[in-house]
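A quick note: this is a predicted structure, and the numbers were derived from the prediction, not measured. Within every chain, numbering begins at 1; the chains are lettered A, B, ... in the order of the sequence lines, protein sequences first and strands thereafter.
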Amino acid sequence: MTGPERVMAALSGVLTDRPPYGLVCGSLGARLAGYEPEEAFGDPELYVKGQEAAAALLDPDIVFTPFVLAFEAVAYGGELAPQRGAVYNLRRPPFKNARDAARALRAAPTPLDAAGIRFMLEATKRLADAVAGSRMVVAPIASPVDFPALLIGIESWLDALLFDPDAARELASAGFDHFAALAGAYAAAGAQALASPVMFVNPSILDERRVRELALPILTEGFGRSPLPIVFHHGGNPLSRYLGLFGGLPQVAGFVLGERDVYAEARAAIGAGPLLMATIPGPAFAAFTPDTLRARLAALFEKRGADPAWGFTNAGAELPAETPSELLASVRDFFHGRP
Amino acid sequence: MEPMPSDFLLKAILEGRLDDAMAYLTAQAERDGYASTISASLEPALMEIGDLWAHEKISLAQGYVAGKLAERILDAALAAEDAGGLKTGRRGRVVLGNVEDDYHALGRRMVASFLRLDGWEVVDLGNDVEPERFVDAVLEAEARIIGVSAMMLSTAQNLPRIRDEIEARGLGGRLRLAAGGAIFRLRPELVKELGADGTAATAIEAPALFRALYEELTP
């Protein structure tokens, strides 16, 4: 049975030989393959070698293309901030305010040929070729309601959502073409699903009235333009208590829960069907031993009960580059043979 | 008995009606003066919001609106003739910045707003601040507390370098290091592990933390 088949079975409510799982191992994969993360996040071939090195230990059902959302903003003129041994961050967003950003987005086609985006698409294509259908290829993408924060900064985006909703709508609408073009390009490159961290529809970030009246309609319209199924990632915020808000989102096939979420609460809120992925925070991995990791996995797995639409991944940021390689084997050994 | 927050003011802040909240406080300040308005109206509202925020009953955006209001009313008060006891810096100076490699300014800026309203003079070093610069700035400002913001674990791991710099210059006994940011809310055990002296779960709780740290230094 292949990884995509396991994911599809879980979505169809069928228990298989094991639950689907995958971890974000960009920097870790690079280290395992003998490269610096900075090298792997600039060279598609090295990135794929890193993923192959990680997969040799983890044997996952799901593999991820480069998780560098900052590249989406850099394509419009943002400035990248290299991080030692980790994924790039954004030093400076490309625009000052929502209206300037909306005008710029409308004035030119989505820059799919920008260096960072070209790298992500080429890495997707090579990764899809390398796994040849044995594992599901998932491409991270900024959500339509969070992409504006990459373009103008979190504070300016919050200002627009709070105090200038017309400008917020204008920018978000201008970003739909970017989302659709990038999602389409990922699909053409061989990705089978998108993973989208979503923050600005979470009532812990934005008050619920604005979520319902402003942010959720933006997300609904944007997600509706994806040609691929989407996994809604908690984005670092509590999700299970709010999941009832997100049941009607188009194209959303699953949710990645956070560390503080309650699995039973999440399933009760969303109902049967969507894949719910339990998690351990990526940055926490480096501190586990194989024994403590097994114990944590067992506690998470126990909460699944008989729910077939269950999967496992990491929350928050990716696994640190220094994560001991035997921990990947521990995850593999834990899930193999657990129907 | 503690003054009760005005329902109108509280509702305006929670609904994000910043201009209405400001107009309400300005009208009161014209009648009673800014110092009285801040202590009798704004501070009780902020206490209530801080409590709701700490218990995750309100959103980050609602806390952000409260911070904006604090900043605006303080600017108005300082520009007015009756600033008097509100004079910023009466509690002393503090140095704030995002740890090296961190570019998430929102939390730091909100903390700065609430600290200023509480009477601290804030020396804000901005994003991506190297350890040496933090310590140079605290010495130059004759401050006793450094507030460091970090959003993610990868950047929070640069915090021990600030502690090392403090100790290397023999300043451990006379400075305090406060840490804040999403990662410390998720994993409070990191505060001690990474060499900080304390944290606050929300920006609005930062003044209480800074007062407590300052009191440790001046028993």
Report the C-alpha separation of B/M152 and A/N89 in whole Å, then their side-chain angles, then the decisive distance to 0.1 Å, and conclude whether the side-chain contact (heavy atoms from CB on, under 4.5 Å) test is met.
-> CA-CA 11 Å; B/M152 302 173 298; A/N89 210 330; 3.3 Å; yes
Measuring from B/Q62:CD to A/L206:CG, what's the distance to the nearest 0.5 Å?
-> 8.5 Å
Intermediate values then yes/no, side-chain contact (heavy atoms from CB on, under 4.5 Å), A/F163 and B/L18 | CA-CA 8 Å; A/F163 309 123; B/L18 183 58; 3.8 Å; yes
In Å, rounded to the nearest 0.5 Å, how long is the span from CH2 of A/W157 to CG of B/L106?
-> 14.5 Å
Is a side-chain N or O of A/R91 found less than 3.5 angstrom from the main chain of B/D101, in a donor-acceptor match?
-> no
Taken to the nearest 0.5 Å, the spacing of B/K68 NZ from A/L158 CG works out to 8.5 Å
What part of A/R210 gets closer than 4.5 Å to chain B, counting heavy atoms only: side chain, backbone, both or neither?
-> side chain
What part of A/P320 is in contact with chain B, defined as an atom under 4.5 angstrom from a non-hydrogen atom: side chain, backbone, both or neither?
-> neither
Among B/G63, B/A61, B/S154, the residue with the most heavy-atom pairs under 4.5 Å to chain A is B/A61
Counting heavy atoms not belonging to B/E140, are there more than 12 under 6.0 Å from its CD?
-> no
Which portion of B/N158 sits near chain A, non-hydrogen atoms under 4.5 angstrom | side chain
Reference residue B/S59; test side chain to side chain contact (heavy atoms under 4.5 Å, CB included); the match among A/D207, A/N237, A/N202 | A/D207
Working to the nearest 0.5 Å, report the span between OH of B/Y64 and CD1 of A/I205.
-> 13.0 Å
Kindly give the heavy-atom pair with the smallest separation between B/E15 and A/R209, and that separation in Å.
-> O-NH2, 3.9 Å
Closest non-hydrogen contact found for B/R109 with A/E155 is NE-OE1, 2.6 Å
N-O pairing of B/E56 and A/R260 below 4.0 Å | yes
For A/L161, is it the side chain, the backbone, both, or neither that has a heavy atom closer than 4.5 Å to a heavy atom of chain B?
-> neither
